[in-house]
Amino acid sequence: MSSLEFLGLGPKGPRRGAASAQHAGVEKRVARLTDTPVDPAESIAAFAMVLARAARADFEISPEESGGMRKLLQEYGGLDPEQADLVADMATQRNLLLGASDDYLATREFRRIARDGDREKVLHSLFAISAADDSISLVEEEEIRQVANELGVEHAEFNAIRARFRDHREVLKGMPRKASD
């Protein structure tokens, strides 16, 4: 199953149902997404679902994390604000409904379609999402570590990216810094 299908999108557009029939505006936005070439659209969908996984690691997606998802989808996905809102909302709702089993599948899909540098970019994005509320909990950090393992990111690369977020890590808050930090 492709990432687009995870989000309820496919080559023929959105799945029909009572909710989508009531929201013609949403259907127009979805149509704009499905008009993009398949590879970028799949990559964006998989990226969004992995972001939602990290945002919800602590069983809550804060407004800051949600806003961070939208910003990253605009920056890295090249989406306009309206598209980023739609994709973030769809990925979040999918995560709330299906959770852990879909998390692994979305991450595996992202690994399959990732290009050079994409894995590191997503890992940095996961830390940024988790730090959006100024705190990376141990649960969030461990979820990101799991994603890194599933993506095949080397441990040294994981540590280098995590080090950029030192000031947000709950396990280190209040600890004195070494002179070399």
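The first residue of the sequence shown is numbered 1, and numbering continues consecutively from there. Heavy-atom basis, side chains included; hydrogens, waters and symmetry copies ignored.
Between the CG atom of D58 and the CD atom of E170 there is a distance of 10.5 Å, given to the nearest 0.5 Å. Of the inter-residue distances, the one linking L79 atom CG with K71 atom NZ reads 15.0 Å to the nearest 0.5 angstrom. Taking CZ from R56 and CD from E143, the interatomic distance works out to 10.5 Å, rounded to the nearest 0.5 Å. The CE atom of M69 sits 9.0 Å away from atom CG of L72, with the distance rounded to the nearest 0.5 Å. To the nearest 0.5 Å, atom OH of residue Y104 and atom CZ of residue R53 are 9.5 Å apart. The structure places CD of E65 at 11.0 Å from CG of L51, a figure rounded to the nearest 0.5 Å.
For K121, the NZ atom counts as densely surrounded, since its 6.0 Å shell holds more than 12 non-hydrogen atoms of other residues, nucleotides or ligands. The 12-atom threshold is exceeded at CG of N159, counting heavy atoms of other residues, nucleotides or ligands nearer than 6.0 Å.
Looking only at distances, no side-chain donor or acceptor of R169 sits under 3.5 Å from a matching main-chain atom of I136. Formation of a donor-acceptor pair under 3.5 Å by the R70 side chain with backbone atoms of S66 is found in this model. Distance alone, capped at 3.5 Å, is enough to place a donor-acceptor pair between the E140 side chain and the S137 backbone. Judged purely by atom type and a 3.5 angstrom limit, E142 has no side-chain atom pairing as donor or acceptor with the backbone of V139. A donor-acceptor pair is defined here as one N or O able to donate and one able to accept, closer than 3.5 Å; such a pair exists between the side chain of Q83 and the backbone of D80. Side-chain N or O atoms of D85 include none that pairs as donor or acceptor with a backbone N or O of E82 at under 3.5 Å.
The two residues A48 and L73 come nearest to each other via the heavy atoms CB-CD2, 3.9 Å. Residues A54 and S130 share a closest heavy-atom pair of O-OG, 4.0 Å. Closest approach of A52 and A91 over heavy atoms only: CB-O, 3.8 Å.
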| Does the pair R111 and T107 meet the rule for a side-chain hydrogen bond (donor to acceptor under 3.5 Å, both in side chains), with working shown? | CA-CA 6 Å; R111 180 179 181 163; T107 306; over 6 Å; no
| said: Run L123 and L151 through side-chain contact (heavy atoms from CB on, under 4.5 Å) and show every step you take. | reply: CA-CA 9 Å; L123 195 60; L151 292 175; 5.6 Å; no
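In the hydrophobic cluster analysis, where Ile, Leu, Val, Met, Phe, Trp and Tyr join through side-chain heavy atoms closer than 4.5 angstrom, L138 is grouped together with L172. No chain of hydrophobic side-chain contacts below 4.5 Å, direct or via other Ile, Leu, Val, Met, Phe, Trp or Tyr residues, connects V147 to I61.
The closest side-chain heavy-atom distance from L126 to R145 is not below 4.5 Å.
F47 and Y76 have perpendicular rings, their planes meeting at more than 60° on a 0 to 90° scale where under 30° would count as parallel.
Between R108 and E150 there is no salt bridge, since no side-chain N of the basic residue sits under 4.0 Å from a carboxylate O of the acidic one.
When ring centroids are compared, F127 and H168 stay outside the 6.0 Å threshold.
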